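Working notes, structure below.
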Amino acid sequence: MSEKIKSYVSKENVYDLLARQDYLVTQSNDLAKAFGNLTLLEHRLLDYCFSFVQKDDTEDTKYETKVLDIIKHFGLTSSGKTYKTVFKTFQSLMRKTALCILVQEDDGSRSILMTSLFQSIKFNEKSKIVFQFNSDVAPYIFQLKSRFYSFRLSELSRIKSKYTLTMLKLWNANVHGKWRNYNDPRSLPPSVTIKGTMEEWQTWFLGVDGEGNAKKWTASRFRQKVLTVALEEIKDIYKDVSVSITSIKNGRKVIGYEVGIIFMQNEN
């Protein structure tokens with residue numbers, strides 16, 4: 001190996017990659033924030049797939065559904081065009097859910113594992129779909145489902161904006177799964193304050209490019225088109241909620257945001 005090639009794999013470069021945890025999955029709530037690049041339909045289909053997970057599942061569990069069940073769930077019209085849309089959306093999910101996972105080795109060293117969310121997705125000619133999550137990612141999915149993913153699927157399916165879906169998942173992850181008790185209709189979701197840099201917010205909601213860098217919008221555009229849209233829809237869903245967006249500044253430059261979602265009944 002030449003000296004020139006060696007310079008690209010120096011310890012300093014490896015440490016720099018490991019330190020950039022804005023695009024690394026290290027725990028289950030990171031997985032909840034990892035798919036900002038998905039469309040609304042892709043988000044909904046991924047939620048649908050996650051809904052199949054049960055607490056006793058193993059890493060090699062395969063899940064089965066039918067195209068018609070998906071069409072009925074989303075309230076779509078059954079047609080050849082819709083069947084093709086479902087297929088293309090699964091195809092897109094397979095492509096867009098690549099992940100980088102931080103792994104601790106037995107000798108104490110750390111590695112970056114490049115993998116994907118799905119091990120396989122199979123479409124049968126009788127419109128049966130069988131999918132399996134990647135064994136490297138399955139533990140994060142199981143933990144995400146049991147600790148954080150406490151929304152009802154019907155609640156997620158009526159959301160109009162993908163940014164609202166992301167905000168709900170981010171909200172749930174930040175309160176460590178202490179969501180409403182569905183056995184008690186009087187129970188409300190807990191209030192939360194979510195704080196992040198501009199890069200973190202944009203990674204969570206817009207996704208990253210091929211090099212793991214957050215897609216960048218101006219602070220004002222991001223606030224208006226993403227945060228405001230998501231919080232306004234949350235206010236429509238939960239009538240007793242109060243929301244706020246506070247800019248974090250360095251001089252005159254906005255370098256982050258603090259979002260508050262507060263249930264007034266929780267404060268009494």
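Below, each value reflects all heavy atoms present in this structure, side chains not excepted, and no hydrogens, waters or symmetry copies. It should be emphasised that the depicted structure is a prediction, and the values quoted were computed from it without experimental measurement.
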Path from L40 to L168 over hydrophobic side-chain contacts below 4.5 Å: yes
Donor on one side chain, acceptor on other, S247 and R223, under 3.5 Å: yes
Closest non-hydrogen atom pair, M198 against A219: CE-CA, 3.9 Å
Aromatic ring pairing F118/F90, orientation class (parallel under 30°, perpendicular over 60°, tilted between): perpendicular
Aromatic contact, Y48 with H73 (centres under 6.0 Å): yes
Side-chain touch V137/L99, heavy atoms, less than 4.5 angstrom: yes
Ring center gap for F50 and F133 short of 6.0 angstrom: yes
Atom pair NZ/OH of K225 and Y163 - distance to nearest 0.5 Å: 9.5 Å
Side chain K122, main chain F131, donor-acceptor under 3.5 Å: no
Same cluster (ILVMFWY, side-chain, under 4.5 Å), V229 and V254: no
Verdict with supporting geometry, K160 and E233, salt bridge (charged side-chain N to carboxylate O under 4.0 Å, His left out): CA-CA 8 Å; K160 297 177 182 178; E233 189 168 11; 6.0 Å; no
Non-hydrogen side-chain atoms of I71 and K66 separated by less than 4.5 Å: no
Residue pair Y257 / T246, side-chain heavy-atom distance below 4.5 Å: no
Shared hydrophobic cluster for L231 and I194 (ILVMFWY, side-chain gaps under 4.5 Å): yes
Heavy-atom side-chain contact between T85 and L41 under 4.5 Å: yes
Residues R110 and E105 bridged, charged N to O under 4.0 Å: no
Over 12 foreign heavy atoms within 6.0 Å of CG, D107: yes
Between CD on residue E199 and CD1 on residue I255, distance to nearest 0.5 Å: 12.0 Å
Modelled atom types, side-chain donor and acceptor of T58 and T61, under 3.5 Å: yes
